[in-house]
There are 2 protein chains.
Amino acid sequence: MNNGRFATALHILTLLEIKKEELLSSEFIANSINVNSAVVRKEIGNLRAHKFIESKEGKGGGYTLGKPASQIHLSEVYKSVNETPLLGRSNDPNPDCPIGKQINGHLKELFTAADETFLKQLGKITVRDFAKKFK
Amino acid sequence: MNNGRFATALHILTLLEIKKEELLSSEFIANSINVNSAVVRKEIGNLRAHKFIESKEGKGGGYTLGKPASQIHLSEVYKSVNETPLLGRSNDPNPDCPIGKQINGHLKELFTAADETFLKQLGKITVRDFAKKFK
DNA sequence: CATACTGTAACAATAGTTATTACAGTACAA
DNA sequence: TTGTACTGTAATAACTATTGTTACAGTATG
C-alpha cells in the first residue's frame with residue numbers, strides 16, 4: 001500500500017454517481033481513468049463485495065451504485081481497498097534486543113491511533129459530496 | 001510509499017534517545033532493527049540532513065541525537081522520510097474525459113486535507129514521548 | 001600507520017503493483 | 001438458437017518501488 005487503488009475506486013464511484021441514470025460499462029470507465037478494463041472489473045469486484053456497486057451481466061450490462069452516494073463514506077471506500085493501516089509496515093526487529101523486542105507493539109499502538117484520526121476525517125466526506133465538485 | 005522507513009527512522013531515534021549517553025554505531029543500531037548497517041547509515045544520512053541526528057566519523061565514531069528528543073515531533077520525522085502525502089498516488093486519467101480531466105485536482109485537495117489531519121495528530125507526539133514507553 | 005568507524009555509490013534481489021491476455025458465463029435481441 | 005456485447009475471473013507478464021549487499025574512499029583516533 002499506498003497504491004493507486006483508492007484513487008481508482010473513487011474515480012469509479014464518482015463516475016457512477018455523476019451518470020447515475022445510465023449503466024456504465026467497464027470499457028467506458030476504463031477509458032476515463034485511462035487503465036485497462038480488466039483492472040476496472042477487478043476493482044469493481046471488490047467494491048461490489050462491499051455493496052457499493054451493483055452490476056448487470058450480459059449484453060447491455062454494466063454498473064450502477066449499490067446504494068445512494070450520500071451513504072458511501074470515503075473512509076469505507078478507503079478501508080475496502082486497504083486493510084492495512086497507514087504507516088502499517090514495520091521491520092522484524094531483533095527479539096534479543098530489549099528495544100527491538102518491544103518496538104512493534106508500541107508502533108502498532110501509534111499507527112492505530114493515527115489511522116483512526118485519518119479515517120475519521122475521511123468519514124466526514126461521502127461520494128456524493130465528492131461528486132458534487134464536478135457539477 | 002508506505003515503506004518501512006518511518007518505522008526504521010523512529011526505531012533509530014528511539015535508540016539514540018534511550019542510550020543518549022553513548023555514541024551508537026550503525027552496526028549496533030542495525031543489529032537492533034535487524035537490517036543491514038548500510039541501510040541504517042543511509043537512513044541516518046537523511047535524518048542528519050534534517051538535523052535530527054549528529055554523527056561523528058572515524059574510529060570510535062557513531063551517532064547521537066542532533067537536538068533534544070522532546071523537540072522532535074513525529075510529524076517531522078514522517079515528513080522527512082515521505083515527501084508524498086498519504087494516499088498520494090493518483091492515476092493518469094484521460095484528459096479528454098470531462099471527469100478524468102478534473103479529478104486529480106479534486107483528489108489532491110482531498111489528499112492534502114486528510115494528510116494535514118494525520119500530521120497534526122503525529123505532531124502531538126515527540127520522540128521523547130515515544131521513547132518513554134520503553135522505560 | 002593500523003584500526004574502526006562513517007558516507008556514499010553502484011548494483012542485485014525481492015516484493016508489490018499494474019497491465020495484458022484469454023476465455024468462460026450471462027443476458028439480450030433478432 | 002444463435003450472434004453479440006457485456007461481466008467475472010484467472011494466469012501471467014511487465015513494471016516499479018523497496019530493501020539488501022558489496023565495496024571502498026574518507027576520517028578520526030591512538
Side-chain angles (χ1 to χ4, degrees), chain A residues 1-9 11-12 15-16 22-50 52-66 81-84 86-94, chain B residues 1-9 11-12 15-16 22-50 52-66 81-84 86-94:
Chain A
M1 104 99 234
N2 200 15
N3 45 35
R5 285 182 65 198
F6 180 72
T8 303
H11 194 144
I12 294 169
L15 280 175
L16 292 176
E22 314 171 33
L23 276 181
L24 302 185
S25 69
S26 61
E27 195 59 38
F28 175 88
I29 295 170
N31 176 63
S32 170
I33 307 182
N34 202 24
V35 297
N36 194 288
S37 65
V39 170
V40 169
R41 293 200 292 276
K42 252 187 280 185
E43 192 56 59
I44 286 180
N46 174 57
L47 294 169
R48 188 181 50 234
H50 288 84
F52 301 139
I53 289 181
E54 277 172 9
S55 61
K56 188 177 175 224
E57 289 193 9
K59 186 174 178 181
Y63 305 99
T64 52
L65 288 178
V81 299
N82 272 122
E83 61 266 10
T84 328
L86 288 166
L87 298 181
R89 196 181 300 173
S90 308
N91 298 108
D92 295 316
N94 183 350
Chain B
M1 103 97 233
N2 200 10
N3 46 34
R5 285 182 65 197
F6 179 71
T8 303
H11 194 144
I12 294 169
L15 281 175
L16 293 176
E22 316 172 33
L23 274 181
L24 303 184
S25 69
S26 62
E27 195 60 37
F28 175 89
I29 296 170
N31 177 63
S32 171
I33 307 182
N34 202 24
V35 296
N36 195 287
S37 66
V39 171
V40 170
R41 292 200 292 275
K42 253 186 279 186
E43 191 57 58
I44 285 179
N46 174 57
L47 294 168
R48 189 183 46 236
H50 288 85
F52 301 138
I53 290 182
E54 277 173 9
S55 61
K56 188 179 175 222
E57 290 192 9
K59 185 175 177 181
Y63 305 99
T64 52
L65 288 179
V81 299
N82 274 122
E83 61 266 10
T84 328
L86 289 165
L87 299 179
R89 195 180 302 173
S90 310
N91 299 109
D92 294 315
N94 184 349

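Sequence lines set the chain letters: A, B, ... in the order given, protein chains first and strands last, and positions in each chain run from 1.
Sorted by first and then second residue, the side chain to side chain donor-acceptor pair (under 3.5 Å) pairs involving residues 55-65 of chain B (not counting sequence neighbours) are Arg48(B)-Ser55(B). Applying the side chain to side chain donor-acceptor pair (under 3.5 Å) definition to pairs two or more places apart or across chains, those involving residues 26-41 of chain B are Asn94(A)-Asn31(B), His11(B)-Ser32(B), Ser26(B)-Arg41(B), Ser37(B)-Arg41(B).
The stretch residues 38-45 of chain A touches DNA chain C through Ala38(A), Val39(A), Arg41(A), Lys42(A), each having a heavy atom under 4.0 angstrom from the strand. Across residues 54-61 of chain A, Ser55(A), Lys56(A), Glu57(A), Gly58(A), Lys59(A), Gly61(A) each have a non-hydrogen atom less than 4.0 Å from an atom of DNA chain D (numbered order). Listed in residue order, the members of residues 27-35 of chain B having a heavy atom less than 4.0 Å from DNA chain C come to none.
Here the C1' atom of nucleotide dT26(C) and the CG atom of Leu23(A) are 14 Å apart, to the nearest Å. Distance, Asn36(A) CG to dA13(D) C1': 13 Å, rounded to whole Å. In this structure, CZ of Arg5(A) is placed 14 Å from P of dG16(C), rounded to the nearest angstrom. Taking atom CG of residue Asn46(B) and atom P of nucleotide dT8(C), one finds them 11 Å apart after rounding to whole Å. In this entry the distance linking CZ of Arg48(A) with C1' of dT26(C) reads 13 Å, nearest Å.
In this model, the phosphate group of dC6(D) is not approached by any side-chain N or O of Ser25(A) to a distance below 4.0 Å at OP1 or OP2.
Sequence order on DNA chain C of the closest nucleotides to Asn91(B) and Leu24(B) puts Leu24(B) first from the 5' end.
For the residue pair Arg5(A) and Val81(A), the shortest heavy atom distance occurs at NH1-O, 3.2 Å. Smallest separation of non-hydrogen atoms from Leu23(B) and Gly60(B): CD1-O, 3.4 Å.
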